Amino acid sequence: MRLSERAELLSGIFDKSLGFTDSIDLLTWAAMELGFPNALDDWCAISSGKIRAVAPEKIYVVTASTLSVSALTVLVTGLLLGSRMVFKMPGGGLSEFEDAVKNLPPALSEKVELLPQHSQKIMQECDAVIVMGSDETVEAIYRETSWRQKFIPYGHKISCGILPMTNPSDARRWAVHAVRETLAYDQRGCLSPQCYLCTSQETAEIFAKELAEEFEKNAPKKTRSWEENAAIYLARMEAAAQGHRVYAVGEGNRWSVILQSDGAIISSGGGCTIRVVWVKDFAEALAPWQGWISAISIAQEGNLLAWGELAERVKASRVCQMGELQNPPISWRHDGMLRLGSLVRWIIVEGD
Amino acid sequence: MQADIHTFEALIRSDLTEEAWVLGMFDLLQYQISRNQVYNGFLKCLDCIPQQLRSWCDFPALPVFAFRNTQVTCFSPNQATMIFETSGTTRDQLGRHYMKDARAYEKALAIGFDKFMPPHMPLKWVSLIPPCSAKRHSSLSYMVNHLSKDRASSIHWVVGGDYVVDPSRFFAMLDGETPTFLLGTSSAWADILEWMISRDMGCSLPEGSVVFDTGGFKKRGDVMTPQHLWKLLSERLDVPLDRIINEYGMTELSSPCYASAADGIHQVPPTLRVRLIDPATGRDCQKGERGLVHLYDLANIHSVGAIATEDVAIWEENGFRLLGRCPAAPARGCSLPYGFPKVEGLCV
């Protein structure tokens, strides 16, 4: 099956949440990452000869229990390349992902296998290994792989937002966008914001209050585990004991906003617990997070390129407008890596 | 505000009535709001208005965490006559409990101890808990030292400030005839048991002996359940389970709870009330529901009366059963667990 046929099959199945709307988007993505529209199917001419991209025959994927969307993104990547895929499923399963696999057309579903348990033996038979999960999981799996295998680690990452405005009241209108990107996926993924940073105390106070109001209007009721509820509850109490103002829903832990003025940033642990932190300097405040930041959303319309330098300094791999954290384009480099390009192997035949 | 320190101290009695406790605790917490900056600030951060609090259980409990990075006192800390410090093994920073004087603390300790220890307590004490001279800021050492004064004819301290257990020194103190009160942390008992098991050794404590177990498994990588520890102690030391007593206390608390190893259910001394809080609602748990342990201690006069722990328990018929430390919500997937990174350095 050629790339275009696979793209056609895939485009009919998934909605826009994965960053593409039709097969053209998928083909454009492949052409952009591989440099040629048909590199997976044909030999392509370069100045020194001809090259071709070879997809991994079989990819082993360790999925995280957090989100189906992460596993679906990897599924699309592997199937578009034409690889066979083995997914080691999390203990509790991933119902949305499993349903999507069941609904694949036979030509694609026959390439996908779901494993309830990790199998080192099967993993070692694969050309590439993708791991999504905690840093500990990534390291444990890495130790079981061979240098001959391509290894794509998606370990712990967080995202955050920045409010650079000089007029504090401008912060109000960004709260609705911040709430949207926080509520998406219940703050469980690497693109979920954990905190919003402001360099003005007044901005932070206005934004925190506005966030609380927006959450109250928009946060849905959630059924959380006892452990999740306990983590949220303890995070709030601990913050208050540290002298941070806590805005929170009275019951059900639907959302929490913690207003900090100490500049110290810690992750919130999910469950729509957001910290608004008044900092002196964005880069300085983010320095302890260096290497663990996935994306930064900016409360600013246009001219986001000015924030590229900050992303470089704190080793983030994406900057977007506030509200868009959870909607990366298909060209998104997950954790700074090409998603298709980092999996393929190239063959070059020199000369005519 | 009518109440003062002396009023609260006068309430620390073994025959304290429910009504007196309820009124006393309400007054104490109001008193502490006006004098304890940390507690006052905590309430403000939660948007809690003191004038609107109608009952003692309307007052939020201050997390024990606060003792680690602030001075939780109703007086100037430099007036403290005693400072108890946590062992510092559970988190990075040491927790400190400042006490202006020891009167309420000592009374509360004695009331709980005398109420819950089994009858016919031995007069000979052997302690695997270091003496005060070796651990000046240990509340546990202070407690053992204080309680022994009126209750022991002799006390033998067999562990120093480094907590290193020398089993042969411990067993040398047991003469095989005199009923003995043996005190130790779970960690120390685990060391003793390990030593005995490695030698396939048993020991028959004289009838009437009592084993006191407290604390966690500090400085040990391995852990075992309390029930398993008590079973091994009972088997190896030949002491009935109802003569093994577990203490549930902490540096930040003045009124510890006690459980017999026969059922593992902790009972509450007259000066203390325990609430188990449902983290989903912030309300009290019903019987059979897991909850976070909140302690309301009338003897915590100089610090704060309402303490929120990270311990989890469940109500039983005659008390509460501890289930352990609250597991933080498991770190899932590519997002980060709560509290990451530590400000002072990166560690998960």
Side-chain angles (χ1 to χ4, degrees), chain A residues 63-67 70 90 132-136 154-158 187-190 192 194 224-248 250-253 259 262 264-271 273 288-292 294 335, chain B residues 37-48 60-70 72 91 277-283 285 289-292 294 304 307-312 323 325-348:
Chain A
T63 56
S65 61
T66 329
L67 288 174
S70 308
M132 293 174 283
S134 68
D135 289 355
E136 292 81 1
Y154 297 127
H156 277 321
K157 283 283 192 307
I158 56 151
Q187 208 187 17
R188 291 182 179 195
C190 57
S192 297
Q194 299 290 316
R224 303 191 191 285
S225 68
W226 192 93
E227 286 76 12
E228 285 176 292
N229 278 315
I232 294 167
Y233 182 83
L234 291 173
R236 289 176 181 175
M237 293 297 119
E238 203 167 288
Q242 287 176 301
H244 305 320
R245 176 81 165 86
V246 176
Y247 302 84
E251 193 170 317
N253 292 335
L259 173 63
D262 60 357
I265 305 168
I266 58 171
S267 59
S268 293
T273 303
W289 297 53
Q290 208 172 80
W292 278 273
S294 180
D335 289 357
Chain B
Q37 285 182 6
V38 175
Y39 190 51
N40 189 306
F42 172 67
L43 264 57
K44 278 184 184 158
C45 287
L46 292 174
D47 207 14
C48 183
L62 182 73
V64 284
F65 167 86
F67 286 80
R68 297 187 191 113
N69 62 349
T70 53
V72 184
R91 287 224 189 168
I277 299 295
D278 177 355
T281 62
R283 291 204 287 257
C285 288
E289 292 175 347
R290 272 190 299 168
L292 293 163
H294 286 200
V304 66
I307 296 171
T309 76
E310 294 174 5
D311 296 322
V312 184
L323 302 175
R325 186 61 57 91
C326 176
R332 297 178 314 167
C334 52
S335 190
L336 281 167
Y338 166 61
F340 180 90
K342 300 284 181 201
V343 176
E344 59 275 16
L346 290 170
C347 59
V348 177

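Here the structure is a predicted model, which is why all the values come from computation and not from measurement. Throughout, a chain's letter reflects where its sequence line sits, starting with A, and its residues are numbered from 1.
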Q.
Between B:L62 and chain A, with a heavy-atom cut-off of 4.5 Å, which part of the residue counts as in contact: side chain, backbone, both or neither?
A. side chain
(Q) On a heavy-atom basis, which atom in B:C326 and which in A:W226 lie closest, and how many Å separate them? (A) SG-CZ3, 4.0 Å
**Q.** chain B interface, residue from A:L259, A:D335, A:N253 that has the most non-hydrogen pairs under 4.5 Å
**A.** A:N253
Q. Is it true that atom CD of B:E289 has more than 12 heavy atoms of other residues, nucleotides or ligands lying nearer than 6.0 Å?
A. yes
Q | Part of B:V312 within contact of chain A (heavy atom distance under 4.5 Å) | A | side chain
Q: Compare every heavy atom of B:T309 with every heavy atom of A:L234, then report the nearest pair and how far apart it is.
A: CD2-O, 4.4 Å
Q) B:F65 versus A:Q242: any side-chain heavy-atom pair under 4.5 Å? A) yes
Q. So do A:V246 and B:F42 actually touch side chain to side chain, heavy atoms under 4.5 Å?
A. no
Q) Which heavy atom in B:P63 sits nearest to a heavy atom in A:M237, and how many Å separate them? A) CG-O, 3.4 Å
(Q) Using side-chain heavy atoms (C-beta onward) and a distance below 4.5 Å, is A:E238 in contact with B:E310? (A) yes
Q: Would you mind checking which part of B:D47 comes under 4.5 Å of any heavy atom in chain A, side chain (CB onward), backbone (N, CA, C, O), both or neither?
A: both
Q. Can you say whether B:A280 sits under 4.5 Å from chain A via the side chain, the backbone, both, or neither, judging by heavy atoms?
A. both
Q: Would you mind reporting whether B:L46 and A:R236 have side-chain heavy atoms less than 4.5 Å apart?
A: no
